[in-house]
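One structure is given below, encoded as structure tokens.
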Amino acid sequence: MELNGKRIVLGVTGGIAAYKAAELVRLLGKQGAEVQVAMTAAATHFVGATTFQALSGRPVYLDQWDARMPNAMAHIDLSRQADLVLIAPASADFMARIANGMADDLLSTMVLARDCPLLLAPAMNRQMWENPATQRNVARLRDDGIGLLGPASGEQACGEVGAGRMLEPEEIVEAVIAAFVPKSLRGQSVLMTAGPTFEAIDAVRGITNLSSGKMGYALARAAQQAGAQVTLISGPVGISAPYGVDRIQVRSALEMHAAVMARAAAADIFIGVAAVADYRVAEIAEHKLKKDVDGPPTIELVENPDILAAVAALADGPFCVGFAAESQHLEAYAQAKRKKKNIPLIVANLIQEGFGGDSNRLVLFDEQGMHPLAPASKAQLATQLIHHIVTLKGQGACIAST
Ligand code: PMT
């Protein structure tokens, strides 16, 4: 529950995407948030207040003259109770009004009176979104420090295709969680690898390993939440890209190497979480090998490039972090790998704990020695690891002494 105890005022304005706001209330509640819904009059044409009341467990506020507020100041009371105000969907009209500081209904008055962060999830027809007037308002809202989530592109309720769709409720929840994370990596670009590689033998078979991508994806999410621009070079996994992370999908170690080396020089931090195959098949059979015709194959292997070592060897390259999965002698093997690859930090885990599951136990090794982290979920460990990386990088940590 990543929003435990957080008080969120959800403002719903008039648009067909208002029906998705109902799911948003449910998902925010599932993360532990207390959600107070306030609606514009237009929003009630799309979804009834009763739906939001039932889902949030709280009465819904519809206008600033609401008699339930003894002091007749609903806009002040609602905004003072909030840790964050989220408007989803935010219509073109509502954005125009708050971009101009108007305060002529409950929601706009509350937005003007607030002293907490404000996030808007725009939703409108693509032509309305592209209109120079809307774009002027968007620029002004951004200048005012207001966070805009999306919009996404795709098919719209009106049948047209383009930018203007409201983000999905799951993506909005991710952005709300991120809004509460300190931005220790703001302005930094983080390049990462995650998942396994797949080294083809023939048209259908290959050599791979049991990495699920969960540890690397958790780390990509934590870095994005800490304000970094994250590019994740991912081997074949069955999980979707974290919100706000630029994912590039590859298959083999050679593809991963090429994708990383094309971007490494521009990165501030490189983190190699992928379980990269040390070897690939020398000659990949074009067609499926036939048991009856070809007999048992003899597979010749050649060594793959070491991606992490190559990035660490770049002059003026990024701050490099490696991972090591070992079945024994964690400290000796991890420190040896760190020194061999010439990197300031390596993160060790036991193969029986690291691969596949949702939790892990990590031990960090740097020039100062060893820093064990208590067993926890991969998401929690990712946050702690980002903290360690920020501290170490801030201290100007150097590479291993050999
Ligand atoms: O994906 P999960 O199921 O969540 O599992 C996570 C994990 C166990 C895969 C992860 O936590 C982990 O330990 N990853 C590293 C696996 C490993 O043992 O790598 P290695 O010892 O082969 O390599 C050491 C480091 O060099 C790693 O950072 C690796 O990405 C990098 N490497 C290795 C070989 C190679 N050719 N290129 C590399 O960049």
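Just follow the structure's listing: the first ligand is 1, and inside any ligand the first atom is 1. Positions are given from 1, in the same order as the sequence printed here.
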Nearest non-hydrogen atom to atom 31 (C) of ligand 1 belongs to which of Lys340, Lys341, Met192, Arg338?
-> Lys341

Pair Asp144 + Arg140: basic N to acidic O under 4.0 Å | no

Hey, are the side chains of Lys341 and Ile346 touching, using non-hydrogen atoms and a 4.5 Å cut-off?
-> no

Counting both backbone and side chain atoms, is some N or O of Lys378 under 3.5 Å from an N or O of ligand 1?
-> yes

Ligand 1 to Gly322 polar contact by distance, N or O atoms, under 3.5 Å = no

Min N/O separation Val276 to ligand 1 under 3.5 Å = no

Got a salt bridge between Asp358 and Lys214, using NZ or NE/NH1/NH2 to carboxylate O under 4.0 Å?
-> yes

CG of Leu148 to CZ of Arg142: how many Å apart, nearest 0.5 Å?
-> 5.0 Å

Counting N and O atoms only, with roles assigned by atom type, does the side chain of Asn137 sit under 3.5 Å from a partner on the main chain of Ala133, one being a donor and the other an acceptor?
-> yes

Which residue pairs satisfy the salt bridge (Lys or Arg N to Asp or Glu O under 4.0 Å) criterion with at least one member in residues 229-251, sequence neighbours excluded?
-> none

Closest to atom 39 (O) of ligand 1 among protein heavy atoms sits Leu308 N, 2.8 Å

Nearest-neighbour protein heavy atom for atom 37 (N) of ligand 1, which is reported as residue plus atom name and distance = Ile307 N, 3.1 Å

Salt-bridge test for Glu155 and Arg165: reply yes if a basic N is under 4.0 Å from a carboxylate O, no otherwise.
-> no

Atoms in ligand 1 with a heavy atom of Asp306 nearer than 4.0 Å = 35 (C), 36 (N), 37 (N), 38 (C), 39 (O)

Verify whether one side chain among Thr298 and Glu300 offers a donor that lies under 3.5 Å from an acceptor in the other.
-> no

Should the pair Glu367-Arg338 be classified as a salt bridge under the 4.0 Å nitrogen-to-oxygen rule?
-> yes

Logged contact type for Glu326 with ligand 1, heavy-atom cut-off 4.0 Å, is neither

Given Phe323, Tyr279, Tyr217, which has its nearest heavy atom closest to atom 12 (C) of ligand 1?
-> Phe323

Identity and distance of the protein heavy atom lying nearest atom 18 (O) of ligand 1 = Ala325 N, 3.0 Å

Side-chain atoms of residues 34-46: list all donor-acceptor pairs with protein atoms under 3.5 Å, sequence neighbours left out, distances to 0.1 Å.
unit_1	atom_1	unit_2	atom_2	d
Gln36	NE2	Pro59	O	2.8
Thr40	OG1	Ala43	N	3.2
Thr44	OG1	Ala41	O	2.5

Any N/O pair Ala274/ligand 1 closer than 3.5 Å | yes

Compute the shortest N/O to N/O distance between Gly195 and ligand 1 and return yes if it is under 3.5 Å, no if not.
-> no

Which atoms of ligand 1 are found less than 4.0 Å from any heavy atom of Gly356?
-> 2 (P), 3 (O)

Nearest protein heavy atom to atom 5 (O) of ligand 1, by residue and atom, and its distance?
-> Gly354 O, 3.2 Å

Backbone or side-chain N or O of Asp278 under 3.5 Å from ligand 1 N or O | no

Do the charged groups of Asp83 and Arg7 touch, with an N to O distance under 4.0 Å?
-> yes

In the protein, what heavy atom is nearest to atom 28 (O) of ligand 1, and what distance, to one decimal place, separates them?
-> Gly272 O, 2.6 Å

May I ask you to decide whether Glu2 forms a salt bridge with Arg221, counting only side-chain N to carboxylate O separations under 4.0 Å?
-> yes

Taking NZ, NE, NH1 and NH2 as the nitrogens, is one of them in Glu23 or Arg26 under 4.0 Å from a carboxylate oxygen of the other?
-> yes

Heteroatom distance test (Asn360, ligand 1): nitrogen or oxygen, under 3.5 angstrom = no

Can you tell which of Met215, Arg280, Glu303 gets a heavy atom nearest to atom 6 (C) of ligand 1?
-> Met215

Could you say whether the N/O atoms of Ser212 and ligand 1 ever approach to under 3.5 Å?
-> yes

Option with minimal heavy-atom separation from atom 10 (C) of ligand 1, where the choices are Asn349, Asp358, Val260, Ile271 = Asn349

Pro305 N/O to ligand 1 N/O under 3.5 Å | yes

So which protein heavy atom does atom 14 (N) of ligand 1 come closest to, and at what separation?
-> Val273 O, 2.9 Å

For Ser211 and ligand 1, does the shortest N/O to N/O distance drop below 3.5 Å?
-> yes

The one among Glu353, Lys337, Gln352 that brings a heavy atom closest to atom 20 (P) of ligand 1 = Lys337

Verify, without hydrogens or angle tests, whether Asn349 (side chain) and Ala324 (backbone) share a donor-acceptor contact under 3.5 angstrom.
-> yes

